[in-house]
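Below, chain A is the first sequence line, B the second, and so on; all start at residue 1. We use all heavy atoms of the structure for the numbers below, so side chains are in, but hydrogens, waters and symmetry mates are not.
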Number of protein chains: 2
Amino acid sequence: MKKDVIIELETIFKLLGNRQRLTILELLRERAYSVSEIIAILDMEQSAVSHQLKLLREAQLVQTQRQGREILYCLSDSHVLTLLDNALNHVSHVLKQETHEEFLAEEREKNKKG
Amino acid sequence: MKKDVIIELETIFKLLGNRQRLTILELLRERAYSVSEIIAILDMEQSAVSHQLKLLREAQLVQTQRQGREILYCLSDSHVLTLLDNALNHVSHVLKQETHEEFLAEEREKNKKG
DNA sequence: ACTTTATATGAATAGAAATTCATATAAAGG
DNA sequence: CCTTTATATGAATTTCTATTCATATAAAGT
């Protein structure tokens, strides 16, 4: 596989590998939301949300549309949805085997203590 | 969506969001390889490879099997392959800098032919 | 023009992850 | 049992990413 494809994969997975961004994408899956709505619903800092949205925009995972003073964000690409769904499949599959969940619980414990 | 599902998604995407790990997974897609083969083929540091494999193992993305002195690694889960394929779809779309509409048109063409 | 509301951005800092180095373990062969 | 080969791991350091703070821009209402 070519290096630039790997780099692109890395980029998109890196973007998806973040709780805030995943939560935002999950929300946008429903419908378009303005930045202030996202901030209110997800109870996140304005600046943090704006920075995360910038990253998602730059990677073309979301699209924007101005509406008066507000800016509406929506998912730009059905691939992203498919990707999320697939990952969910993997996750639920792994959860059924229950060892992965045990591992995560362990990790969380480690993080508490460390 | 529940918080722990988001955390699971974050975990797996974070793992996939790394060039070395992606390259290793890409290689293992072919067949099982020993650690030393991976090191030689991908021209990476022994320690780095070992650390990455540890992470992939802990997340159950790969499985191991001892064969004498060597340890063979292989993919443990077809979901991971699907996930990678999906991401590749997204990536090739982004690389071509197509719009969403162009992409959908293409997909419709593929479906006609396929 | 001035103020308010909505969003974006640059820069500094804090926090997380990757890399490297040294060392440990484990199997195989003499 | 000592050496070699294969792999793993802990700890220190470097590098990357996230968060926060201050400020900027932009539209709308007054």
Side-chain angles (χ1 to χ4, degrees), chain A residues 6-25 27-28 32-74 103-104 106-114, chain B residues 6-7 9-25 27-28 32-74:
Chain A
I6 293 276
I7 291 173
E8 285 290 333
L9 282 176
E10 186 188 26
T11 306
I12 187 174
F13 283 131
K14 207 165 260 177
L15 268 164
L16 294 176
N18 173 283
R19 215 166 302 184
Q20 284 201 346
R21 289 190 293 268
L22 279 173
T23 311
I24 292 171
L25 290 173
L27 180 68
L28 294 185
Y33 282 92
S34 71
V35 180
S36 40
E37 285 176 313
I38 296 173
I39 292 167
I41 295 171
L42 305 181
D43 189 31
M44 295 173 179
E45 289 252 336
Q46 182 269 321
S47 183
V49 169
S50 204
H51 279 295
Q52 302 294 24
L53 288 173
K54 185 190 167 107
L55 295 173
L56 294 173
R57 235 188 304 131
E58 284 172 344
Q60 303 179 47
L61 296 192
V62 300
Q63 281 182 331
T64 62
Q65 193 188 335
R66 183 176 276 277
Q67 205 165 68
R69 270 192 277 210
E70 304 195 334
I71 294 186
L72 298 180
Y73 277 79
C74 65
F103 163 72
L104 281 173
E106 251 171 51
E107 287 302 287
R108 283 190 289 269
E109 274 308 300
K110 272 186 214 165
N111 291 338
K112 260 189 227 165
K113 287 168 192 166
Chain B
I6 293 276
I7 292 174
L9 284 175
E10 186 188 27
T11 306
I12 189 174
F13 282 131
K14 207 167 260 178
L15 268 163
L16 294 175
N18 173 283
R19 215 167 300 183
Q20 284 200 346
R21 289 192 292 269
L22 280 173
T23 312
I24 292 171
L25 289 173
L27 181 68
L28 295 184
Y33 283 92
S34 71
V35 180
S36 42
E37 285 177 313
I38 296 172
I39 292 166
I41 295 170
L42 305 181
D43 189 31
M44 295 174 178
E45 289 253 336
Q46 182 271 320
S47 183
V49 169
S50 204
H51 279 294
Q52 302 293 23
L53 287 173
K54 185 191 169 106
L55 294 173
L56 294 173
R57 236 188 304 130
E58 285 173 343
Q60 300 178 53
L61 295 192
V62 300
Q63 281 181 330
T64 63
Q65 192 187 337
R66 183 176 275 278
Q67 204 164 69
R69 271 192 278 211
E70 302 195 333
I71 294 187
L72 298 181
Y73 277 79
C74 65

*What is the minimum heavy-atom distance between B:R21 and B:L55, and which atoms define it?*
NH1-CD1, 3.5 Å
_Nearest atoms (heavy-atom pairs only) where B:E70 meets B:S34_ = OE1-CB, 3.6 Å
*asked:* Looking at every non-hydrogen atom in both residues, tell me the closest pair between B:Q20 and B:A48 and how far apart they are.
replied: OE1-CB, 4.0 Å
*Please list, chain by chain and in numerical order, all residues satisfying side chain to side chain contact (heavy atoms under 4.5 Å, CB included) with A:Q46, sequence neighbours excluded.*
A:I39, A:S50
*Between atom CG in A:D43 and atom C1' in D:dT19, what is the gap in whole Å?*
15 Å
_With a cut-off of less than 4.0 Å, is there a side-chain N or O of A:Y33 near OP1 or OP2 of C:dT7?_
no
*asked:* Using side-chain heavy atoms (C-beta onward) and a distance below 4.5 Å, is B:I38 in contact with B:L28?
replied: yes
Could you pull out the protein-nucleic contacts involving nucleotides 21-26 of chain C (nitrogen or oxygen on both sides, under 3.5 Å)?
from   : atom 1 : to    : atom 2 : distance (Å)
C:dC21 : N4     : B:S47 : OG     : 2.5

_Between A:F13 and B:L22, is there a side-chain heavy-atom distance shorter than 4.5 Å?_
yes
*In whole angstrom, give the distance that lies between atom CZ of A:F13 and atom C1' of D:dT17.*
19 Å
*Just checking A:S36: base, sugar-phosphate only, or nothing, at a heavy-atom cut-off of under 4.0 Å?*
sugar-phosphate
*Would you check if B:L53 and B:I71 make a side-chain contact, meaning some heavy-atom pair closer than 4.5 Å?*
no
*Please give, in whole Å, the distance from C:dA6 P to A:Y73 OH?*
15 Å
*Mind calculating the distance between CD (B:E70) and P (C:dA28) to the nearest angstrom?*
11 Å
*Mind checking whether B:Q52 and B:I24 have side chains closer than 4.5 Å, heavy atoms only?*
yes
*For the pair made of CG in A:L72 and C1' in C:dA6, what is the distance, rounded to whole Å?*
12 Å
*Between atom CG in A:L53 and atom P in C:dA8, what is the gap in whole Å?*
7 Å
*Would you call B:R57 and B:Y73 a side-chain contact if the rule is heavy atoms closer than 4.5 Å?*
yes
*Could you tell me the separation between the CD1 atom of B:I39 and the P atom of C:dT20, rounded to a whole number of Å?*
13 Å
*Would you kindly give the NZ-to-P distance between B:K54 and D:dA11, to the nearest whole Å?*
12 Å
*asked:* Categorize B:R19 for me: base, sugar-phosphate, or nothing, with a 4.0 angstrom heavy-atom threshold over every strand shown.
replied: nothing
List every contact pair, protein side and nucleotides 16-18 of chain C side both N or O, where the distance is under 3.5 Å.
from   : atom 1 : to    : atom 2 : distance (Å)
C:dA17 : OP1    : B:K14 : NZ     : 3.4
C:dA18 : OP1    : B:N18 : ND2    : 3.3
C:dA18 : OP1    : B:R21 : NH1    : 3.3
C:dA18 : OP1    : B:R21 : NH2    : 2.9

